[in-house]
Amino acid sequence: MTPPGAPEPSESPECAPASAARRRLLYAGVAGAAALGGLACWRFAPWAGPSGAEQALWGLQFDTPEGRVLVLKSFAGRPLLINFWATWCPPCVQELPMLNAFYREHAAKGWQVLGLAVDRPASVRRFLQHTPLDFPVGLAGLGGADLSRSLGNPSGALPFTVVLDARQGRVRERKSGPLTVQELRQWAA
């Protein structure tokens, strides 16, 4: 019981602000955790990804360094690793032989690898004369950076790699930055 003339505990000026401040802090913490959880879920879940961008991807086509047309729809139905790279990007150039070895080892198992060069066609042609690749290369130009962003590369950094599954053609894995042999093995398993 409260003595006459004394404020009720809920009316105490010292309690009310502290209680409200704690409540706001708690709400902010919960909201922050939910936002981080949502971001982590989008980033790491195999089903995550912008399905509109994935659908649009299959309708694209690119010129090749040899002057042919590369139709992405022709890659549907098998697992596909797409690597966005450029001749002026040292980590990109360093990982290309590893991707080429991955392609040679896994092509018979149904895997496809596609390099999309975010570069000038003349630079790509010169590069491929000195460093030929067994997998196809498409000339994505500067639009390749926008395409990589739509597939989950918010900064547009290179190299960027996505793996699309065979059944639905959806992004199963994505990696911004250089790949490792362990990541490739894990993705292929």
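Counting from 1, the numbers follow the sequence of the chain as shown.
Within the 4.5 Å cutoff, the side chain of W111 has no heavy atoms near those of the V113 side chain. A 4.5 Å side-chain heavy-atom check between T161 and W85 finds every atom pair outside the cut-off. Residues F160 and K175 have side chains not in contact (no heavy-atom distance under 4.5 Å, counting atoms from C-beta outward). With a 4.5 Å cut-off on side-chain heavy atoms, F135 and R104 do not count as touching. When side chains are defined from C-beta on, E54 counts as touching V171, because their heavy atoms get closer than 4.5 Å. Between L81 and L114, the closest side-chain pair of non-hydrogen atoms is not below 4.5 Å.
For D146, the salt bridge (Lys or Arg N to Asp or Glu O under 4.0 Å) partners at least two apart in sequence or on another chain are R149. For R126, the side-chain contact (heavy atoms from CB on, under 4.5 Å) partners two or more places apart in sequence, or in a different chain, are R120, A122, S123. Under the salt bridge (Lys or Arg N to Asp or Glu O under 4.0 Å) criterion, E105 pairs with no residue at all, not counting sequence neighbours. Legend: residues meeting side-chain contact (heavy atoms from CB on, under 4.5 Å) with P65, ordered by chain and number and at least two apart, are V124, R125, L128, V137, L139. Residues passing the salt bridge (Lys or Arg N to Asp or Glu O under 4.0 Å) test with R68 are E66, sequence neighbours excluded.
One hydrophobic cluster, built from ILVMFWY side chains closer than 4.5 Å, cannot hold both F127 and V118; they sit in different ones. Taken together through direct or relayed side-chain contacts under 4.5 Å among Ile, Leu, Val, Met, Phe, Trp and Tyr, F62 and L80 form part of one hydrophobic cluster. Cluster membership for L158 and I82, using ILVMFWY side-chain heavy atoms within less than 4.5 angstrom, is shared. Under the 4.5 Å side-chain contact rule for hydrophobic residues, L133 and F84 do not share a cluster.
Here V69 sits in one hydrophobic cluster together with V71; the rule is ILVMFWY side chains under 4.5 Å apart, joined directly or through other members.
No side-chain donor-acceptor contact under 3.5 Å links D165 to the backbone of R172. Side chain of E173 to main chain of V163: no donor-acceptor pair is present (N/O by atom type, distance under 3.5 Å, no hydrogens or angles).
For residues 130-162, no residue pair satisfies the disulfide bond (SG atoms under 2.5 Å apart) rule, not counting sequence neighbours. Pairs engaging residues 82-91 under the salt bridge (charged side-chain N to carboxylate O under 4.0 Å, His left out) rule: none recorded [sequence neighbours left out]. Counting only residues at least two apart or in different chains, salt bridge (charged side-chain N to carboxylate O under 4.0 Å, His left out) contacts with residues 71-85 are absent. Sorted by first and then second residue, the disulfide bond (SG atoms under 2.5 Å apart) pairs with a member in residues 93-173 form an empty list; sequence neighbours excluded. Among residues at least two apart or in separate chains, there is no side chain to side chain donor-acceptor pair (under 3.5 Å) pair with a member in residues 135-144.
The two residues A157 and S176 make their nearest non-hydrogen contact at CB-OG, 4.0 Å. Between P136 and L70, the closest heavy-atom pair is CB-CD1, 3.7 Å.
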For a quick test of your reading: what N or O donor-acceptor pairs under 3.5 Å do the side chains of residues 88-103 make, sequence neighbours left out?
residue : atom : partner : partner atom : Å
E95     : OE1  : L179    : N            : 2.8
E95     : OE2  : N83     : ND2          : 2.9
N100    : OD1  : D134    : N            : 2.7
N100    : ND2  : D134    : OD2          : 3.4

